[in-house]
Amino acid sequence: MHVAVLGAGVTGISTAWFLSQQGHEVTVFERNDSVASGTSFANAGQLAYSYVDAMANPEFVARIPRIVASRDPGSRFSWRAGFDFSGWIMRFLKQSTARRAGKNTLALLPVAMKSAALMRELRDTLSLDFDFRSHGKLVMLRSAGEIENAQRIADMKREHGCETEIVSIEQATVLEPALSQMEGGYTAAIFAPGDHLGDAAKFSIALAEVLQRNYAVTFRMREAIEQIKTRHDSIEAIKTIHDEVPVDAAVACLGVWSDELLWPLRIRTHICPIRGYSMTLPIGPHTPTLSVTDPQQRVVFSRLGQRVRIAGFADFVGFDTAGDRDRTGLLQEVAHRTAPHAADYEASRRHRWGGFRPMTPTGFPLVGPTKIRGLYLNTGHGSLGWTLALATAEQVAADVSRGGS
Ligand SMILES: Cc1cc2nc3c(=O)[nH]c(=O)nc-3n(C[C@H](O)[C@H](O)[C@H](O)COP(=O)(O)OP(=O)(O)OC[C@H]3O[C@@H](n4cnc5c(N)ncnc54)[C@H](O)[C@@H]3O)c2cc1C
């Protein structure tokens, strides 16, 4: 079949990979001039296979009044967002009970573990350079309440085969000596030895090159899609600014922009853009080797080769990017205060970035067929698109092959 992949982020490129492996003729459509130029561009780089905790949970709900009152530095909310949060928030709140949060987290675990296995296979098959590191991950904890909650979730995950444990700050410092140079006031940590790091954009670009060179996948870059054309409830063609391309099937990997093309077909994704930021700097004298997350401050330190990416914050500001300068400034301040030696903060070579996490109310991505025959989704990966990309791509490619045109 001729299958269109709509969007060249990490989920689109991963989807193109599995479709090509199943013998389909694949065309990738992307409106920007490079692969991974959307949310996949400078994310935190964590392959957080064990840290798939649903964002909709009682602890997050308890923070909402502070967020709305602008008293939570890790999250901002704007009434003037130009995005209708009301329907999304109602759905999100429904998912926020302890029972639902547990259920949603456990539903994602096998997908993440599948992704880890597929990443192992892919790295054995292709030698892609994307600053991969397999040292594990630490999530830092402070209060007794946080530790108790983390212990409960770790126990639940372990019952489902996920390797994760709570360690004291002394044990954590043995695992990651750079913690001794951090000022976080931490008392314990969640340790996940099976979590990895890698640059999602470098991965996507390298895999796209392999697809183009060895598997005859066509990339139509700088070609914005205007419409997914259908006939008698079946997909017919992809209409772009330049052309109309007949296809047998298409997979929408459009992240936060999914509704622009799907809503005219009356397919509603309920994806909310949640803005986050990153800074990429040269490493410092004490850059952590493991990925280190401070969940209270919503900041993560990820070493990628000779660079360190500091990422974080979760802002409910719709598609508004006016606050980016302030927010990346604050991110730098928080990071510098918490880990003064983790990066060369004075370097002139620094890159600041903002991206939109495509978040569904459950945190679970939308993967599989739609009511339009031949049209499939692989979108809405929220904070975990890099982590889950391979598993959801493999799943949707199998759906396409089974479903026919
Ligand atoms: C600050 C931050 C930190 C993060 N950290 C992590 C992390 O550590 N680990 C993790 O797993 N995830 C992380 N994420 C989430 C992850 O980055 C996303 O889930 C993932 O990048 C989504 O990928 P995607 O391919 O679905 O979307 P995108 O990368 O946004 O790709 C969608 C593509 O579709 C294209 N497109 C849209 N509309 C059209 C159109 N009409 N025509 C043509 N092309 C179109 C866009 O240009 C874009 O290239 C983070 C996100 C942020 C913001």
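Start at 1 and go down the list; that is how both ligands and their atoms are numbered. Side chains included, hydrogens not; waters and symmetry mates left out as well; all remaining heavy atoms used. No experiment lies behind these values; they were computed from the predicted model shown.
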Top protein contact for atom 51 (C) of ligand 1, by heavy-atom distance
R357 CG, 3.6 Å
Distance from atom 15 (C) of ligand 1 to nearest protein heavy atom, with residue and atom
G382 O, 3.1 Å
Apply side-chain contact (heavy atoms from CB on, under 4.5 Å) to the pair D324 and R275, showing each step before the final yes or no.
CA-CA 9 Å; D324 282 16; R275 189 100 175 131; 2.5 Å; yes
Which atoms of ligand 1 sit under 4.0 Å from any heavy atom of L261?
41 (N)
Atoms in ligand 1 with a heavy atom of V10 nearer than 4.0 Å
23 (O), 25 (O)
Heavy-atom pairs closer than 4.0 Å: do any link ligand 1 to the side chain of S383, the backbone, both, or neither?
backbone
Flag G385 as yes when one of its N or O atoms lies below 3.5 Å from any N or O atom of ligand 1, and as no otherwise.
yes
For ligand 1, is there an atom lying under 4.0 Å from some heavy atom of A48?
no
Decide whether an N or O pair under 3.5 Å exists between E223 and ligand 1.
no
With heavy atoms and a 4.0 Å threshold, my read on which part of S302 contacts ligand 1 is neither
Answer yes or no on whether R31 is positioned over the face of W257, meaning its NZ or CZ is under 6.0 Å from the six-membered ring centre and within 45° of the axis.
yes
Which residue and non-hydrogen atom of the protein lie closest to atom 49 (O) of ligand 1, and at what distance in Å?
E30 OE1, 2.6 Å
Would you mind running through ligand 1 and noting each atom that sits below 4.0 Å from a heavy atom of L384?
10 (C), 11 (O), 12 (N)
Within the 6.0 Å centroid threshold, strictly below: F85 and F92
no
Return yes if a side-chain donor-acceptor contact under 3.5 Å exists between Q22 and S401, otherwise no.
yes
Decide whether Q46 and D195 meet the rule of one side-chain donor and one side-chain acceptor closer than 3.5 Å.
no
Taking all heavy atoms of V5 and all of G12, pick out the closest pair and write down the distance.
CG1-O, 3.4 Å
If we ignore angles and hydrogens, is there a donor and acceptor under 3.5 Å between the side chains of K137 and T293?
yes
Within the distance-only criterion (no hydrogens, no angle test), does the side chain of D243 pair as donor or acceptor with the backbone N or O of V245 below 3.5 angstrom?
no
Are any of the N/O atoms in S278 less than 3.5 Å from those in ligand 1?
no
Which protein heavy atom lies closest to atom 28 (P) of ligand 1, and at what distance to 0.1 Å?
T39 N, 3.7 Å
Return the closest protein heavy atom for atom 50 (C) of ligand 1 as residue, atom name and distance.
N43 CB, 3.4 Å
For T387, the ligand 1 atoms with a heavy-atom partner under 4.0 Å come out as 9 (N), 10 (C), 11 (O)
Polar contact flag, side-chain donor to acceptor under 3.5 angstrom, T11-N378:
no
Nearest non-hydrogen protein atom to atom 34 (O) of ligand 1, with distance, is G7 CA, 3.4 Å
Heavy-atom proximity to atom 37 (C) of ligand 1, best of R31, E260, E226
R31
Does any part of the side chain of I235, heavy atoms only, come nearer than 4.5 Å to the side chain of I228, both counted from C-beta?
yes
Side-chain touch F77/D315, heavy atoms, less than 4.5 angstrom:
no
Say whether T328 and R352, considering side chains only, have a donor N or O and an acceptor N or O under 3.5 Å apart.
yes
Cation-pi between R220 and F29: NZ/CZ under 6.0 Å from ring centre and within 45° of the ring axis?
no
Please identify which atoms of ligand 1 are closer than 4.0 Å to at least one heavy atom of I225.
40 (C), 41 (N), 42 (N), 43 (C)
Relative to the heavy atoms of G276, which atoms of ligand 1 are at a distance of less than 4.0 Å?
1 (C)
Relative to F132, does R123 satisfy both conditions: NZ or CZ under 6.0 angstrom from the six-membered ring centre, and within 45 degrees of the ring's axis?
yes
Does ligand 1 have a heavy atom under 4.0 Å from the side chain of W386, from its backbone, from both, or from neither?
both
Residue, atom name and distance, where the atom is the protein heavy atom closest to atom 29 (O) of ligand 1
S40 OG, 2.5 Å
Atom 9 (N) of ligand 1 has as its nearest protein heavy atom Q46 O, 2.8 Å
Give the atom numbers and elements of ligand 1 that come within less than 4.0 Å of a heavy atom of A44.
3 (C), 4 (C), 5 (N), 6 (C), 8 (O)
Taking 4.0 angstrom as the limit and counting only heavy atoms of Y277, give me the atoms of ligand 1 inside it, by number and element.
1 (C)
